[in-house]
Amino acid sequence: MEGPVEVICADGTSAVSDRFVVAVCTCRRTRTPPWCDTSHRRRAGQRTAAATDVDE
């Protein structure tokens, strides 16, 4: 999304980002909810590396 952005969370709290581009996390792996911190990328990379080790 283009920022600044304000998100109202399910518990009623609000999260504000002043960044010019922001992504909302949908995988729930982020350490900075509700914003995406690309934690899903690290997890996918670990699976790929493990699959490569098994194939060798």
> So which heavy atom on R31 is nearest to which on S39, and how close?
Replying inline: N-OG, 4.3 Å
Could you pull out all donor-acceptor pairs under 3.5 Å where a side-chain atom in residues 3-13 meets a protein atom, sequence neighbours excluded?
{"residue": "E6", "atom": "OE2", "partner": "S14", "partner atom": "OG", "Å": "3.2"}
{"residue": "D11", "atom": "OD1", "partner": "T13", "partner atom": "N", "Å": "3.1"}
{"residue": "D11", "atom": "OD1", "partner": "T13", "partner atom": "OG1", "Å": "2.7"}

> Between SG of C36 and CZ of R29, what distance do you get to the nearest 0.5 Å?
Replying inline: 11.0 Å
> If you group Ile, Leu, Val, Met, Phe, Trp and Tyr whenever their side-chain heavy atoms sit less than 4.5 Å apart, what else falls in with F20?
Replying inline: V21
> Can you name the side-chain contact (heavy atoms from CB on, under 4.5 Å) partners of T30, sequence neighbours left out?
Replying inline: C25, T32, P33, D37
